[in-house]
Amino acid sequence: MDDSARQIEKLRDELRRHEHLYYVLDRPEISDAEYDALMRRLQELEAAHPELLTPDSPTQRVGGKPREGFVKVAHSSSMLSLDNALNEGELREFDRRVRDLLNGARYRYVTELKMDGLSMAAHYRDGRLLQAVTRGDGAVGEDVTENARTIRSLPLRVKTKLAAFEVRGETVMNRRAFERLNAEREERGLSRFANPRNAAAGSLRVLEPQITASRRLDYYTYFLLVEGRPALASHWATLDELARLGFKVNQRRKLCGGIDEVVAFCAEWEAKRDELPYEIDGVVVKVDSIEQQQRLGFTAKAPRWAIAYKYPARQAITTVESIEVQVGRTGALTPVAHLKPVDVGGVTVSRATLHNEDEIERLGLEIGDAVVIERSGDVIPKVVRVHELGSYRKKFRMPAQCPVCGGKVVREEGEAASRCINTNCSARLKESILHFAARGVMNIDGMGEALVDQLVDRGMVESVADIYDLTIEKLMTLERMGSKSATNVLVNIGNSKKNPLPRVLNALGIRFVGERTAVFLAEAFGSLEAIAKAGLEELQQAEEVGPKVAESIFQFFREPRNQELIGRLREAGLQFNYPVVKRKAGPLKGLTFVLTGTLPHLSREEARKLIEAAGGKVSGSVSKKTNYVVAGEEAGSKLTKAQELGIKVVNEVEFLDLIKVG
Ligand code: IVH
């Protein structure tokens, strides 16, 4: 092997190891920036030596081209579903059947969380991922290999002596990815996915692998098969082996000696299910011994050696008393159902979003109807279907006038949303300010609904830019606003001026420009002026900006009101430039800090801002990934941990030095 080949192989191994640490074990050892740098090095080397490129290289996850459709593939053995147990009694009945059929032999159960996703088989040959197939009807599924390759927790390469094997498991989307996806879709005027499961299914079955890649799916395995049959003699050992091979296996599992332990496991996770980062709909219980599984066999549609203990869906029936229309910052009118308050799995629900007119139509819903509502995880409650027509029903009509300002409401061709087109609408203004100030946007803490309502209702703020003209005197005329909170708000407003251009772009509330697009625009143009001046075609040079998004950006900057707003924000001193060089030169770029204890001069928040301004990152806990711990007085366990891990600990003076030196 020549030198480049050796270097490429070494980099690939290193990247595979970090992918495994990050995506499978959730225990990264290096920062994202370091990972990106390794990846770039490999990409460069591969570009220089195209003859050395192989499909299992970590650079080749998103290489596939859009496809025409999916090819059908027969499974090596049926992908069956499971019978359900809906309560403890049914679970114990399942256990009695198992006991009887096993004629008094001893047996154990493995309990696993039943993740709400879709099952998929992945085939490997000579340690390389060959093909991924959806469950389909259980006998025949669809080849989704190109899309599955983009799932980072699915290894493209596995070290094993087995010439050919197959894993089976669940493709899921965690709640954060789901919420993010829906927020993005709403911003683009697309319909929301009803739940993470549908979102995962939709994401796996798209024709462009790039889309799957952007959806951040995860894959948890639970079966290891050779020639369609279990590879090992026990299920518990199989899960361990899968983990050893580098697959993701849910750690929340248990080997149970008897049904009482199974019942306890089910109850434990039912109580804790909201704490999980993903949705589960129950627990899967399997007899551990494969030999016993074989003795128990199958019914026509499901194994006799396993059962799904299903948690009750968190649904309830209640009445829609009225439908209120809320106005968002883009002027979009959202109908919200006001419900007769009802308990849904321990939480009282009195409102549920109906999204838009089409959704109400689809549900066939009228005011007065009894509906089934559902609460899942931390998602806003939603109306699932009409349960019973009301005896007095009233059809909902989208008002022709804005319920807040009386302005004209328009629904454009091909759009789901109706909008108030009055740009001076106070509801739009309030929502615009809330968006501008929101966490993750301009981060103006304290600028919440109560304050914004007063500012707008009293005419103190008529444009987002007015918040930069607020004074302590003005603020103190407001209710519940003492000098301390007024000062805090002003300090936060002042600090918001340091936010980098992508945040400012996102804050402007341009349709279709969210967090992600804002970064691409800033990277492509380097300044707000350049974006504002760019023509339609030029705008499309930025990543992920198509004709529709470009049109929206173009129109935004041609609107005189927006030009005025931008002029005023520039005067206020917001960041309109995004110099790429400067970002790279940030003295702390790629470094992760942990703050602990009380520093003599800097508050936690100030220290954090300094680190971020210099390109560094702040993390809440100490790990091998941490580069520096900044310790003040009464530093506690984080300091101890840093010392244990041999991480550099600095005091305030040394820390300030680090920033200066660059
Ligand atoms: S075992 C023959 N294990 O639940 C055995 N399934 O209701 C079939 N699921 O189709 C599957 N987590 O999509 C198994 N740990 C787990 C699971 C799991 C989720 C899903 C899977 C399956 C359905 C069965």
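As a basis for the values below, the full set of heavy atoms in this structure was taken, side chains included, without hydrogen atoms, waters or symmetry mates. Throughout, residue positions are numbered sequentially from 1 according to the sequence presented. Note that ligands are numbered from 1 as they come in the structure, with each ligand's atoms numbered from 1 the same way.
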When the side chains of residues 151-158 are checked against the rest of the protein, which donor-acceptor pairs come out under 3.5 Å, sequence neighbours left out?
from	atom 1	to	atom 2	distance (Å)
S153	OG	D218	OD1	2.5
S153	OG	Y219	N	3.2
R157	NH1	D56	OD2	3.3

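For the pair R295 and W305, the cation does not sit on the ring face, since its NZ or CZ is not both under 6.0 Å from the ring centre and inside 45° of the axis.
Looking at residues two or more places apart in sequence or on another chain, you find a salt bridge (charged side-chain N to carboxylate O under 4.0 Å, His left out) between R351 and E324. Among residues two or more places apart in sequence or in another chain, the side-chain contact (heavy atoms from CB on, under 4.5 Å) test is passed with V226 by L162, F165, A231.
From H123, atom NE2 reaches atom CG of L129 across 9.5 Å, with rounding to the nearest 0.5 Å.
Checked against a 6.0 Å centroid threshold, the rings of Y222 and Y220 do not count as neighbours.
If you look at ligand 1, the protein residues with a non-hydrogen atom under 4.0 Å away are L80, L82, E112, L113, K114, M115, S119, E170, Y222, F223, V284, K286, P303.
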